[in-house]
Amino acid sequence: MPLADHRNDSHAGGVTRRIVILGGGTGGTLAANRLRREFDASEAEIVVVDQDDRHVYQPGLLFVPFGLANVRELTRSRKAQLHDGIEFRGATIEAVDLAADTVRLGDGAELAYDVLVVATGAVLEPEETEGLGGPGSPERVHTFYSPDGATRLAASLNAFEGGRLVVNVVDLPVKCPVAPLEFCFLADWFFTERGIRDRVELCYVTPLDGAFTKPVAAKMLAGLLEEKGVELVTEFNTGSVDGAGGRLISYDDREIPFDLAVVVPLHGGAPFVGRSTGLGDELSFVPVDPRTLQSRAAPNVFAIGDAAGVPTSKAGSVTHFEGAVLVGNICRFLAGEPLDQSFDGHANCFIETGFHKALLIDFNYDTEPLPGHFPTGVGLPLMKQSRLNHLGKLMFQWLYWHSLLPGRDIPGVSSAMPEHGKRHVVAR
Ligand SMILES: Cc1cc2nc3c(=O)[nH]c(=O)nc-3n(C[C@H](O)[C@H](O)[C@H](O)COP(=O)(O)OP(=O)(O)OC[C@H]3O[C@@H](n4cnc5c(N)ncnc54)[C@H](O)[C@@H]3O)c2cc1C
């Protein structure tokens, strides 16, 4: 790949560029592996920085509370997912200096970059909600969004002999916004299997005005909650959690009682993004051009995955689809060419519905989830429960380690959302 100088003369004449990738999760790993294929070692040094060496397959956390997976089996070495010739740096990231093109690390080192990729995901912020993590947690108030939380919840669900179980999303954005709904569907299955479903009240509490953000999917998912006997409470903005008293309390003083609560806490970007002047927004996500993934703050900075402030779901599938466009654009940027504006917000989510079935939704910035088939007229059924989709959900874990993280394309599935196979309908 021919490289043009983008900063100053010292980089001209075949000097190796340094691409620093912050975060060695889904986005950082797949971006690094794709970049390594684009540039040989004489063209670019690729450095991935992460604070630990435990890469967790996060979609698997949904299954942990129900005894269908355990965290040990979902975890691999981050370093081992990186191709030869990629440097892994185990350190915390303290701040980025956009003016100096450097990153300050927790071990005191300063890392200069020619191109920076922010892939530090989203963090859980339970401390931002009054009472969350206080009295009653973790005995009655849980989350499955962290490995420890999912493991603790497994023990509580096993010991639960009946009562009111409330699943609450405090506010958006959250990672994989359908996962809390999947939790409700799996809870219905789990308590049915245990023979105590008639003793368990299930309730889903959301700040949205429906079960989901997109009208057609929201209607379908609300129908499914009703079919499975899960109460839906909408427009509930959780102000505090009274774990000892067993109540969610909204800012407008509504109360939802519970015996066991499963709460998805507020999410924000990595705190160092907020500490890095100019890099983040008020939630510490990185504002980028939604079509090119280039930062609004500096042309040599890009963001991928949950860290990127783009109006689509925070999901591993989105991160994978972003990967091809992001890496193409880093190549273009270094070659002094105009960027490709083709990222369309493509998201693709399997929604586990229990009893060995799942739904599939596929959408982008402009097109909401629609019925039909994916990726063509004869593929997986969209917005319809099927065993095939359940197998697709299980297959996704294999694809994650063997195709997504190595930075490979999935045959027949491109970055851009496929139109073929979709039926346009209107939600009533
Ligand atoms: C319960 C659950 C279910 C999900 N289900 C699905 C699903 O079914 N389908 C789907 O597509 N997606 C799903 N997701 C979402 C998916 O896992 C994420 O969207 C995806 O992993 C995002 O990748 P990322 O690279 O942006 O962030 P991550 O993979 O989280 O990586 C961020 C990395 O940055 C590192 N980091 C952060 N701050 C620092 C710092 N200061 N110093 C050093 N390192 C730092 C972290 O250690 C981490 O390794 C689910 C997520 C959860 C929690």
Side-chain angles (χ1 to χ4, degrees), residues 21-32 48-65 69 71 74-75 77-79 81 88-96 103-107 117-124 143-147 149-150 153 169 173-183 186 262 264-265 267-276 284-286 303-308 310 312-323 326 346-352 358-362 389 392-397 399-400 404-405:
I21 300 176
L22 303 182
T26 314
T29 303
L30 68 84
V48 174
V49 186
D50 205 293
Q51 58 206 355
D52 62 52
D53 192 28
R54 293 184 307 279
H55 189 134
V56 177
Y57 174 67
Q58 296 178 55
L61 295 178
L62 169 70
F63 296 104
V64 172
V71 170
L74 300 174
T75 309
S77 156
R78 293 189 192 288
K79 212 169 151 185
Q81 312 312 313
F88 179 78
R89 188 86 179 247
T92 54
I93 300 145
E94 290 300 311
V96 175
V103 181
R104 186 157 42 81
L105 302 180
D107 58 14
V117 178
V118 184
T120 36
V123 295
L124 308 182
T143 189
F144 63 98
Y145 265 56
S146 69
L153 179 53
V169 177
V174 296
K175 304 189 221 196
C176 192
V178 293
L181 286 159
E182 296 180 276
F183 186 92
L186 281 175
V262 176
V264 181
H267 284 40
F272 81 86
V273 173
R275 289 195 297 270
S276 306
S284 295
F285 294 115
V286 178
I304 184 171
D306 297 347
V310 288
T312 187
S313 287
K314 296 203 178 295
S317 63
V318 172
T319 309
H320 162 72
F321 296 132
E322 286 171 339
L326 173 109
H346 187 193
N348 179 284
C349 307
F350 288 103
I351 306 176
E352 194 67 13
L359 293 160
L360 177 62
I361 56 174
D362 190 63
N389 286 336
K393 175 100 184 170
L394 299 184
M395 255 293 276
F396 190 67
Q397 182 167 351
L399 279 175
Y400 183 83
L404 266 66
L405 292 186

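Order of appearance sets the numbers: ligands from 1, and atoms from 1 within every ligand. Reckoned from all heavy atoms, side chains included, excluding hydrogens, waters and symmetry mates.
- His55 and Tyr400 have perpendicular rings, their planes meeting at more than 60° on a 0 to 90° scale where under 30° would count as parallel.
- Look at Lys393 and you'll find a heavy atom under 4.0 Å from some atom of ligand 1.
- Among all non-hydrogen protein atoms, the one lying nearest atom 14 (N) of ligand 1 is Cys176 CB, 3.5 Å.
- Atom CD of Glu182 and atom CZ of Phe144 lie 7.5 Å apart (nearest 0.5 Å).
- The closest protein non-hydrogen atom to atom 21 (O) of ligand 1 is Thr26 OG1, 2.8 Å.
- The shortest N or O to N or O distance between Phe272 and ligand 1 is not below 3.5 Å.
- In this structure, the protein non-hydrogen atom closest to atom 2 (C) of ligand 1 is Gln58 O, 3.5 Å.
- Geometrically, Lys393 does not engage Phe63 in a cation-pi contact defined by less than 6.0 Å to the ring centre and at most 45° from the axis.
- Of the inter-residue distances, the one linking His346 atom NE2 with Glu322 atom CD reads 12.0 Å to the nearest 0.5 angstrom.
- Distance from atom 31 (O) of ligand 1 to its nearest protein heavy atom, with residue and atom name: Gly25 CA, 3.3 Å.
- Among protein heavy atoms, atom 41 (N) of ligand 1 sits closest to Ile93 O, 3.3 Å.
- Looking from atom 49 (O) of ligand 1 to the surrounding protein, the closest heavy atom is Asp50 OD2, 2.6 Å.
- Shortest contact from atom 39 (C) of ligand 1 to any protein heavy atom: Gln51 OE1, 3.5 Å.
- With hydrogens left out, the protein atom closest to atom 25 (O) of ligand 1 is Gly27 N, 2.7 Å, a heavy atom.
- Between Arg78 and Asp50 there is a salt bridge, with a side-chain nitrogen of the basic residue lying less than 4.0 Å from a carboxylate oxygen of the acidic one.
- Heavy-atom separations between Cys349 and ligand 1 are all 4.0 Å or longer.
- Ligand 1 is approached by Arg78 to a heavy-atom distance shorter than 4.0 Å.
- An N or O contact shorter than 3.5 Å is missing between Glu182 and ligand 1 by distance.
- If you take OG1 on Thr75 and CG on Asp53, they are separated by 11.0 Å, rounding to the nearest 0.5 Å.
- Shown here are the ring-ring contact (aromatic ring centres under 6.0 Å, His included) partners of Phe350, two or more places apart in sequence or in another chain: there are none.
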